[in-house]
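Every value quoted in this text rests on a predicted model; they were computed, and no experiment measured them.
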Amino acid sequence: MVHERLLAKYFHIATVVACYWVISILTVFVNKALLSSQTVSLDAPLFVTWYQCVVSATICFILSMLTKLFPHTFTFPEGSPFRCSVAVKVLPLSVLFTGTIAFNNLSLKYVDVAFYYIGRSLTTVFNVMLTYLILGQKTSIRTVTCCAVIVGGFWLGVDQENVAGSLSIAGTVFGVLGSLALSMYSIYTKRILPHVNQQIWLLSYYNNVYSCFLFLPLIVLNKELPVILHFENLADAKFWLLMTGGGLCGFTIGFVTALQIQVTSPLTHNISGTAKACVQTVLATYWFNDTKSVLWWFSNWVVLGGSAAYARARQQEMEHQQRTEKLQRSQDV
């Protein structure tokens with residue numbers, strides 16, 4: 001009986017991880033098709049990102065309404081993004097959220113899917129740096145060494161893209177800025193969550209609603225409005241179907257990410273994300289018929305190895321800290 005329950009638990013975890021992998025990889029490929037393929041041919045990346053926020057915000061709003069109408073069937077945290085007290089507290093975080101998804105999609109527009117992971121690989125490095133600069137938390141020599149390995153793999157990957165003649169400076173810069181924005185967002189999320197009763201979905205609802213408004217001036221400043229108005233497929237149902245599919249992917253990836261963290265742990269999620277990135281890179285080179293050099297592949301393995309080593313080091317440090325705290329509590333008793 002115990003064996004069966006354990007087997008069912010492992011099957012549930014494996015199913016959740018598999019869903020995260022499939023949806024995450026699908027989201028990247030769909031966004032790539034929306035942002036820089038001949039299928040869409042719309043040179044308005046911020047508009048595409050804005051529409052994804054609209055879809056996510058609409059889904060959250062519908063779930064919120066359904067929860068009020070059918071509380072025994074649907075469950076969604078209670079709250080309104082249009083309260084001034086909420087906006088004042090959450091809006092600064094929403095600015096970082098907007099920057100994160102904008103920079104990520106701008107990077108994906110200019111770089112190949114195969115190189116996308118390398119271009120976005122500095123998130124871990126920025127996490128360590130900002131945690132020290134903002135929170136004052138020091139880290140071990142071991143984790144700093146892992147970060148140095150990641151940086152080395154990043155530079156090697158950039159160099160090999162340059163040698164191959166496929167390096168996009170803009171895409172790489174946007175990738176680095178996306179990593180920086182994501183790191184800052186992750187750190188400040190911990191400060192904002194208490195203001196929304198630790199409800200991740202409520203925070204996601206607020207972020208997407210506020211981003212719908214934050215993106216509008218950015219779309220105008222990026223001169224995308226004339227491009228959108230003169231787009232020949234603007235009334236095409238297939239175009240909006242693909243756009244809505246991208247929005248659904250964006251919403252779903254948030255759900256499966258939270259679910260994977262819930263059934264495993266944040267560190268296991270990081271390890272899963274690292275392994276997923278490896279599969280994503282292999283699939284991208286196969287799908288787009290890309291031929292890469294040995295050093296290019298080596299740079300990927302360096303980044304993946306450094307990321308995995310960092311996750312393992314942080315796991316051991318946290319386990320040691322928990323044992324120390326437990327020992328101190330037992331001594332106090």
Exercise for review: Before giving the answer on side chain to side chain contact (heavy atoms under 4.5 Å, CB included), spell out for Asn104 and Leu108 the whole-Å C-alpha distance, their side-chain angles and the decisive distance to 0.1 Å.
Suggested key: CA-CA 6 Å; Asn104 285 350; Leu108 191 56; over 6 Å; no
**Study point:** Same cluster (ILVMFWY, side-chain, under 4.5 Å), Leu225 and Val48
**Key:** no
**Study point:** Separation between CG of Leu180 and CE of Met184, rounded to the nearest 0.5 Å
**Key:** 6.0 Å
Review point. Between Phe47 and Trp50, does the ring centre distance come in under 6.0 Å?
Key: yes
Practice item. Spell out, as yes or no, whether a donor-acceptor pair under 3.5 Å connects the side chain of Thr15 to the backbone of Phe11. Key: yes
**Study point:** Same apolar cluster: Val220 and Leu106, side chain cutoff 4.5 Å
**Key:** no
Review point. Taking atom CG of Asn233 and atom CZ of Phe239, what is their separation to the nearest 0.5 Å?
Key: 7.5 Å
Point to revise | CA sep, side-chain torsions, deciding dist, call: Val209, Tyr205, side chain to side chain contact (heavy atoms under 4.5 Å, CB included) | key: CA-CA 6 Å; Val209 169; Tyr205 180 26; 3.5 Å; yes
Check your understanding: Heavy-atom distance under 4.5 Å between the side chains of Tyr51 and Thr244, does that happen here?
Key -> yes
Check your understanding: Are Ser293 and Gln160 linked by a side-chain donor-acceptor pair shorter than 3.5 Å?
Key -> yes
Check your understanding: Do Met243 and Phe215 sit in the same hydrophobic cluster, where Ile, Leu, Val, Met, Phe, Trp and Tyr count as joined when their side-chain heavy atoms come under 4.5 Å apart?
Key -> yes
Point to revise | Expected output: side-chain Ser299 to main-chain Trp296 donor-acceptor under 3.5 Å | key: yes
Check your understanding: Are any of the side-chain heavy atoms of Ile253 and Val256 separated by less than 4.5 Å?
Key -> yes
Check your understanding: Do Asp43 and Lys109 come close enough that some side-chain heavy atom pair is under 4.5 Å?
Key -> yes
Check your understanding: Just by modelled atom types, is the Ser94 backbone N or O under 3.5 Å from a matching donor or acceptor in the Tyr185 side chain?
Key -> no
Check your understanding: Got a second to check how far Ser64's OG is from Ile59's CD1, nearest 0.5 Å?
Key -> 13.5 Å
Check your understanding: What do you reckon, are the aromatic ring centroids of Phe97 and Tyr210 less than 6.0 Å apart?
Key -> no
Check your understanding: Looking just at side-chain N and O atoms, do Glu224 and Asn222 make a donor-acceptor pair shorter than 3.5 Å?
Key -> yes
Check your understanding: So, do Ile150 and Ser307 sit near enough that their side-chain heavy atoms are less than 4.5 Å apart?
Key -> yes
Exercise for review: Could you give me the CA-CA distance, side-chain angles and deciding distance for Thr172 and Phe154, then say whether side chain to side chain contact (heavy atoms under 4.5 Å, CB included) is met?
Suggested key: CA-CA 10 Å; Thr172 304; Phe154 169 79; 3.9 Å; yes
Check your understanding: Are Tyr132 and Met129 grouped together when hydrophobic residues (ILVMFWY) are joined by side-chain heavy atoms under 4.5 angstrom apart?
Key -> no
Check your understanding: Going hydrophobic residue to hydrophobic residue with side-chain gaps under 4.5 angstrom, can you get from Trp301 over to Val303?
Key -> yes
Review point. Can you check whether Val158's main-chain N or O pairs, donor with acceptor, with Asn162's side chain at less than 3.5 Å?
Key: no
**Study point:** Under 3.5 Å: donor-acceptor pair, side chain of Lys89, backbone of Ile192
**Key:** no
Practice item. Fit a plane to each ring of Phe213 and Phe82, take the angle between them on a 0 to 90° scale, and name the class: parallel (under 30°), tilted (30 to 60°) or perpendicular (over 60°). Key: perpendicular
Study note, to complete from the structure: d(Leu96 CG, Asn207 CG) to nearest 0.5 Å is 9.5 Å
Practice item. Give a yes or no on whether the backbone of Gln52 and the side-chain of Ser56 come within a donor-acceptor separation of less than 3.5 Å. Key: yes
Review point. Counting only N and O atoms by type, is there a donor-acceptor contact under 3.5 Å from the side chain of Thr100 to the main-chain atoms of Gly178?
Key: no
**Study point:** Residue among Asn208, Leu218, Leu46, Leu93 satisfying side chain to side chain contact (heavy atoms under 4.5 Å, CB included) with Thr98
**Key:** Leu218
**Study point:** Sidechain-backbone polar pair: Thr285 side chain, Val282 backbone, donor-acceptor under 3.5 Å
**Key:** yes
Check your understanding: Would Ser80 and Val86 satisfy side chain to side chain contact (heavy atoms under 4.5 Å, CB included), going step by step from the backbone distance to the final call?
Key -> CA-CA 8 Å; Ser80 172; Val86 171; over 6 Å; no
Practice item. Check whether any side-chain N or O of Lys292 sits under 3.5 Å from a backbone N or O of Glu161 as a donor-acceptor pair, and report yes or no. Key: no
Review point. Is the Phe174 ring parallel, tilted or perpendicular to the Tyr110 ring (thresholds 30°, 60°)?
Key: parallel
Point to revise | Sidechain-backbone polar pair: Thr67 side chain, Phe76 backbone, donor-acceptor under 3.5 Å | key: yes
Point to revise | Distance-only polar pair, side chains of Tyr310 and Asn127, donor-acceptor under 3.5 Å | key: no
Revision key, fill the gap. Contacts of Asp159 meeting salt bridge (charged side-chain N to carboxylate O under 4.0 Å, His left out) (sequence neighbours excluded), chain-then-number -> none
Practice item. Taking the side chain as every heavy atom from C-beta outward, state whether Phe251 and Ser204 have any pair of such atoms under 4.5 Å apart. Key: no
Check your understanding: Tell me, do Ile25 and Leu283 make a side-chain contact under 4.5 Å, heavy atoms counted?
Key -> yes
